[in-house]
Amino acid sequence: MRKYFNTSGACFSDIHYMVDITSRAERIIQELISQQKYFTINCARQFGKTTILDALYQKLKKDHSVFFLSFEDMGSAAFMDEYQFCKTFLQLLKAQIVCGMTEGISETVVKQADEQMQQEIFGFPMLKDFITDLCLRTDRAVVLMIDEVDAACNNQVFLDFLGILRSMYQRRRYVRTFQSVVLAGVYDIKNLKCKIQSQEQRKYNSPWNISADFNIDLSFSAADIAGMLQEYEKDCRTGMDIWQVSRMLWDYTGGYPYLVTRLCKWMDDSGKADAWSKEGILEAVRILLSERNSLFDSLTEKLTAYPQLKEMMEALLFQGQSIAYNPDDDEVGMALMFGFIKTDGSLVSIANRIFEMRLYNLFLTTPKVQGSRLYRSATLDRNQFVENGHLNMRLVLEKFVIHFNDLYGNQNMTFYEEDGRRYFLLYLRPIINGTGNYYIEAETRSRERTDVIIDYRGEQIVVELKIWRGNAYHTRGEKQLLDYLDYYHLKRGYMISFNFNKKKESGVREVLIEDRVIIEAVV
């Protein structure tokens, strides 16, 4: 059977097309596990945590005794008290030995586990003794890996368990214990405040202060994606330009593993002759953005649960607000942990174009927004903007100027600066909904200038939104727009200037610069 692209659960190289993560697994072993570190692999949902844990397990099991557990297997009842937790945890350890997943452990340990589970009271002190005895009964180093720790990380019993591990780790020169402990989940143990209620602050003050930093990037590079597609191309011979497709997939996803694989899966499943082309990728992006999936549901749930996070996203998207990266800022830390943003070391930005477009769609399709007069106007106008399958962008600008001036012509300057781009995107949304998408070039996301890239049926349209700052600034804006047209190999571009001069001349005009045309609108 041919391999396939998998977006449900862990990926395995013998049955799935996947990025080669061997070097990452080797780095984790060399830099962390071999140095006897306790650490957390914490990253956003569906970012490949379980896949990297399985890769670690496959490499380590040859000469280590590895317990590869998931707290999803424990059930909520296991966290009622320490006695129930300890017995359930002990049962999981025993099951791994019996089924052959953990090698190098004496059968005596299994018998001992059975005896311990029969006892009415089996708490942390006895579990601690059992772990010591288990590690003494093998010549191998013992590694504990726990997936899905989010199932328990806001529970005091679990934090007490971490305290036991820490206590043993601190005395590892005198007491046999796990060589290394690897926890995987969205919530970093160091950031438990995000999941703990204020009245339960004592939980945050857990003794888990030995966690080593995990600095190995699990996202995919364009080269990673190209390696995966090379294997696919050997099997399927589509004739794709591997590097062009890989680069475009990276441009839209930022290397987010689930998003990359989801797009590849759609293109593979579509059976279309042009699936692995620019047009095919844009179609896959459109379909991805129109579907509900567990990743998007998780993002939406986080925005509902944390209103301050939603405010940050809206400030980044609509106000062009520059937000500095501050590791001590709880909101920034939360947004990074959930995968909403990325950082270049000084500023933060939306993690990838897919998230950006999904968030724009979310914020611009609320009942309140859809009930606005501008949105309703665009909905009524939408049928006249498409000619022979092409979007008539000049007509879009002409109509936008008319509706915007009619509805908001008496508003003040602050209104325009804060909301200009919001209202243009609000007008654009129902026009291209279901057929096209748009995103904003991160380099131009500011209060004064924004470049919107519209993808419509395989065509790309560049629209620059700017605040009028005089003729010299306007001329520079035209030059910057020309640079973008060159980058996208286009001969026509569009510009909207929000002008606060009372003597301004509203309307749309056409400017010819060398061999390129700029359609300029002034509101």
Side-chain angles (χ1 to χ4, degrees), residues 285-287 289-292 296 300 303-304 307 310-311 313-320 356-440 450-457 459 461-467 494-500 504-508 519-523:
V285 168
R286 185 189 66 79
I287 292 174
L289 289 171
S290 66
E291 72 176 15
R292 287 195 63 175
F296 292 157
T300 303
L303 293 175
T304 302
K310 182 178 180 181
E311 291 177 7
M313 294 300 103
E314 290 189 296
L316 280 171
L317 290 170
F318 293 111
Q319 298 176 18
E356 176 177 314
M357 291 185 283
R358 185 74 180 198
L359 289 170
Y360 272 125
N361 292 346
L362 176 65
F363 294 145
L364 292 175
T365 53
T366 64
K368 180 179 179 180
V369 167
Q370 292 182 339
S372 69
R373 292 173 61 189
L374 189 61
Y375 191 95
R376 294 200 308 270
S377 298
T379 302
L380 293 173
D381 291 342
R382 61 175 299 178
N383 291 333
Q384 62 186 289
F385 295 126
V386 179
E387 299 175 355
N388 299 320
H390 300 279
L391 183 64
N392 186 336
M393 197 63 209
R394 174 171 184 144
L395 184 58
V396 173
L397 264 59
E398 289 174 350
K399 290 290 186 178
F400 174 71
V401 170
I402 293 171
H403 291 306
F404 191 88
N405 286 336
D406 286 346
L407 296 173
Y408 308 114
N410 295 323
Q411 300 294 333
N412 58 31
M413 179 176 177
T414 303
F415 171 87
Y416 287 113
E417 287 192 338
E418 293 296 320
D419 297 312
R421 83 188 69 195
R422 180 191 296 268
Y423 283 97
F424 174 68
L425 296 178
L426 176 63
Y427 187 75
L428 180 65
R429 174 64 188 158
I431 294 172
I432 66 173
N433 186 35
T435 306
N437 289 296
Y438 53 85
Y439 61 89
I440 291 177
T450 297
D451 286 314
V452 180
I453 312 300
I454 301 170
D455 291 328
Y456 192 86
R457 291 184 174 175
E459 292 184 276
I461 301 168
V462 180
V463 183
E464 179 175 314
L465 312 180
K466 58 190 291 296
I467 306 298
Y494 302 84
M495 178 182 291
I496 301 178
S497 295
F498 295 91
N499 192 327
F500 311 116
K504 70 185 177 189
E505 191 172 323
S506 296
V508 178
I519 309 298
E520 296 185 0
V522 177
V523 295

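Values below: all heavy atoms of this structure, side chains included; hydrogens, waters and symmetry mates excluded.
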(message) Going by salt bridge (Lys or Arg N to Asp or Glu O under 4.0 Å), name the pairs with one or both residues in residues 386-398, residues two or more places apart or in two chains.
(response) R394-E398, R394-E510
(request) With sequence neighbours excluded, tell me which residues meet ring pair (Phe, Tyr, Trp, His ring centres under 6.0 Å) with Y439. (result) Y252
(request) Please name the pair of heavy atoms, one in T435 and one in R286, separated by the smallest distance, quoted to 0.1 Å. (result) O-CD, 3.4 Å
(request) Check step by step if side chain to side chain contact (heavy atoms under 4.5 Å, CB included) holds for L391 and I461. (result) CA-CA 9 Å; L391 183 64; I461 301 168; 4.0 Å; yes
(request) Starting at OG1 of T304, measure out to NZ of K310 and round the result to the nearest 0.5 Å. (result) 7.0 Å
(request) Rounded to the nearest 0.5 Å, what's the gap from CE on M393 to OH on Y456? Could you check? (result) 11.5 Å
(request) Over all heavy atoms of both residues, which pair between M495 and L397 is shortest? Give the atoms and the distance, please. (result) O-CD2, 3.9 Å
(request) Kindly compute the distance separating CG (N437) from CD (E356), expressed to the nearest 0.5 Å. (result) 11.0 Å
(request) Could you go through the side chain to side chain contact (heavy atoms under 4.5 Å, CB included) check for V508 and F400 one step at a time? (result) CA-CA 10 Å; V508 178; F400 174 71; over 6 Å; no
(message) The test is side chain to side chain contact (heavy atoms under 4.5 Å, CB included); show your working for N392 and V396 and say whether it passes.
(response) CA-CA 7 Å; N392 186 336; V396 173; 5.8 Å; no
(request) Calculate, to the nearest 0.5 Å, the distance between atoms CD and CD1 belonging to E464 and I496 respectively. (result) 10.5 Å
(request) Please report the shortest heavy-atom distance between V401 and S506, naming the atom on each side. (result) CG1-CB, 4.5 Å
(message) Within this structure, what is the CZ-CZ distance for the pair F404 and F498, rounded to the nearest 0.5 Å?
(response) 5.5 Å
(request) Return the set of residues passing ring pair (Phe, Tyr, Trp, His ring centres under 6.0 Å) with Y438 (not counting sequence neighbours), or none when no residue passes. (result) Y360
(request) Return the set of residues passing salt bridge (Lys or Arg N to Asp or Glu O under 4.0 Å) with E291 (not counting sequence neighbours), or none when no residue passes. (result) R262
(request) Under the side chain to side chain contact (heavy atoms under 4.5 Å, CB included) rule, what do L303 and L362 come out as? Steps first, then yes or no, please. (result) CA-CA 11 Å; L303 293 175; L362 176 65; 3.5 Å; yes
(message) Within this structure, what is the CG-CZ distance for the pair L359 and F296, rounded to the nearest 0.5 Å?
(response) 9.0 Å
(message) Tell me every residue that passes side chain to side chain donor-acceptor pair (under 3.5 Å) with R429, counting only those two or more places apart in sequence or in another chain.
(response) N361, N433
Side-chain donor-acceptor contacts of residues 379-386 below 3.5 Å, not counting sequence neighbours, with atom names and distances?
| unit_1 | atom_1 | unit_2 | atom_2 | d |
| --- | --- | --- | --- | --- |
| T379 | OG1 | Y375 | O | 2.9 |
| D381 | OD1 | Q384 | NE2 | 3.4 |
| D381 | OD2 | H403 | NE2 | 2.7 |
| D381 | OD2 | Y427 | OH | 3.1 |
| R382 | NE | P430 | O | 3.4 |
| R382 | NH1 | P430 | O | 3.3 |
| Q384 | NE2 | D381 | O | 3.4 |

